[in-house]
Amino acid sequence: DAGVTQSPTHLIKTRGQQVTLRCSPKSGHDTVSWYQQALGQGPQFIFQYYEEEERQRGNFPDRFSGHQFPNYSSELNVNALLLGDSALYLCASSFSLLPSGANVLTFGAGSRLTVL
Amino acid sequence: TQLLEQSPQFLSIQEGENLTVYCNSSSVFSSLQWYRQEPGEGPVLLVTVVTGGEVKKLKRLTFQFGDARKDSSLHITAAQPGDTGLYLCAGGRDDKIIFGKGTRLHILP
């Protein structure tokens with residue numbers, strides 16, 4: 001049973017460029033959440049997708065956008081990259097029908113983005 | 001404003017010692033989770049607590065949820081080098097899960 005898979009694992013971009021990160025959720029999960037984890041910090045919630053729509057959003061600018069496909073996989077897009085966008089981007093999947101108190105996240109290994 | 005404050009930020013102790021790390025908030029959460037993250041990997045769930053005052057044990061790890069569901073602690077007995085990692089607490093609210101900054105634990109052999 002495959003867990004959460006993310007690609008690419010590492011990438012380097014320059015300021016002003018755009019990046020797309022991809023995530024395939026764990027089998028049986030229908031909800032995907034994206035987190036940004038800066039070095040030495042905890043993960044910061046970016047947004048959550050369910051039924052192909054953005055359901056929740058954290059305090060991130062509109063340069064961060066996403067998409068969820070009918071097969072529940074998801075993409076995170078970041079436009080006009082800044083140096084401060086350098087971080088580990090984590091995708092986590094979960095199952096929507098569990099009570100919110102019992103819902104847990106299964107994380108991928110992340111995509112490490114370096115912006116030069 | 002950090003909703004979940006974890007302390008200490010860093011902890012380095014000798015193998016065999018006991019330790020406690022804390023997760024505090026002024027907000028109430030429907031659930032609180034603890035994750036452990038190792039370098040190059042995503043966080044892995046250790047436990048979920050949902051009831052105020054709840055205590056859960058996982059081998060040498062003991063997790064407690066505060067009565068008011070605003071805080072939690074993780075106690076490790078007889079720490080081992082394999083316990084080294086970043087320990088993250090996370091609170092569930094409004095169908096999303098938010099994380100603290102973590103406690104980086106290093107167990108010296």
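Lettering of chains follows the sequences in order, A, B, ..., and the numbering in each one begins at 1. Worth saying up front: this structure is predicted, and the values here are computed from it rather than measured.
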Would B/Leu74 and B/Leu58 show up in the same hydrophobic cluster when neighbours are defined by side-chain heavy atoms closer than 4.5 Å?
-> yes
Establish whether A/Leu11 and A/Phe64 are linked, either directly or via other cluster members, by ILVMFWY side-chain heavy-atom contacts under 4.5 Å.
-> yes
Joint hydrophobic cluster, A/Val78 plus A/Leu90, side-chain heavy atoms closer than 4.5 Å | no
Using a heavy-atom cutoff of under 4.5 Å, enumerate the residues of residues 34-46 of chain B that contact chain A, numbered in order, or state 'none'.
-> B/Tyr35, B/Gln37, B/Gly40, B/Glu41, B/Gly42, B/Pro43, B/Leu45
How long is the gap from CD on A/Gln41 to CD on B/Gln9, to the nearest 0.5 Å?
-> 8.0 Å
Top contributor to chain B interface from A/Ala109, A/Ser94, A/Ser33, A/Ala38 [non-hydrogen pairs under 4.5 Å] | A/Ala109
Hey, is CZ on A/Arg15 packed in by over 12 heavy atoms from elsewhere, all under 6.0 Å?
-> no
Reported CD-to-NZ distance for the pair A/Gln56 and B/Lys96, which is rounded to 0.5 angstrom | 5.0 Å
Would you say B/Lys56 has more than 12 foreign heavy atoms packed within less than 6.0 Å of its NZ?
-> yes
Return yes when atom CD of B/Gln14 has more than 12 non-hydrogen atoms of other residues, nucleotides or ligands closer than 6.0 Å, and no otherwise.
-> yes
More than 12 heavy atoms of other residues, nucleotides or ligands under 6.0 Å from OH of A/Tyr72: is that the case?
-> no
Validation row: B/Leu88, A/Pro43 side chains within 4.5 angstrom (heavy atoms) | yes
Has A/Leu116 got more than 12 heavy atoms of other residues, nucleotides or ligands less than 6.0 Å from its CG?
-> yes
Examine A/Leu88 and B/Leu86 and state if one hydrophobic cluster contains both, with Ile, Leu, Val, Met, Phe, Trp and Tyr joined whenever side-chain heavy atoms are less than 4.5 Å apart.
-> yes
Toward chain A: residues of residues 15-23 of chain B with heavy atoms under 4.5 Å = none
Crowding at CG, A/Asn71 (>12 non-hydrogen neighbours, <6.0 Å) = yes
When hydrophobic residues are tied together by side-chain contacts of less than 4.5 Å, even through go-betweens, does A/Val4 share a cluster with A/Val104?
-> no
Distance (rounded to the nearest 0.5 Å) between A/Leu105 CG and B/Phe99 CZ | 5.5 Å
Look at A/Gln37, A/Arg112, A/Gln6 and state which one has the largest set of heavy-atom pairs under 4.5 Å with chain B.
-> A/Gln37
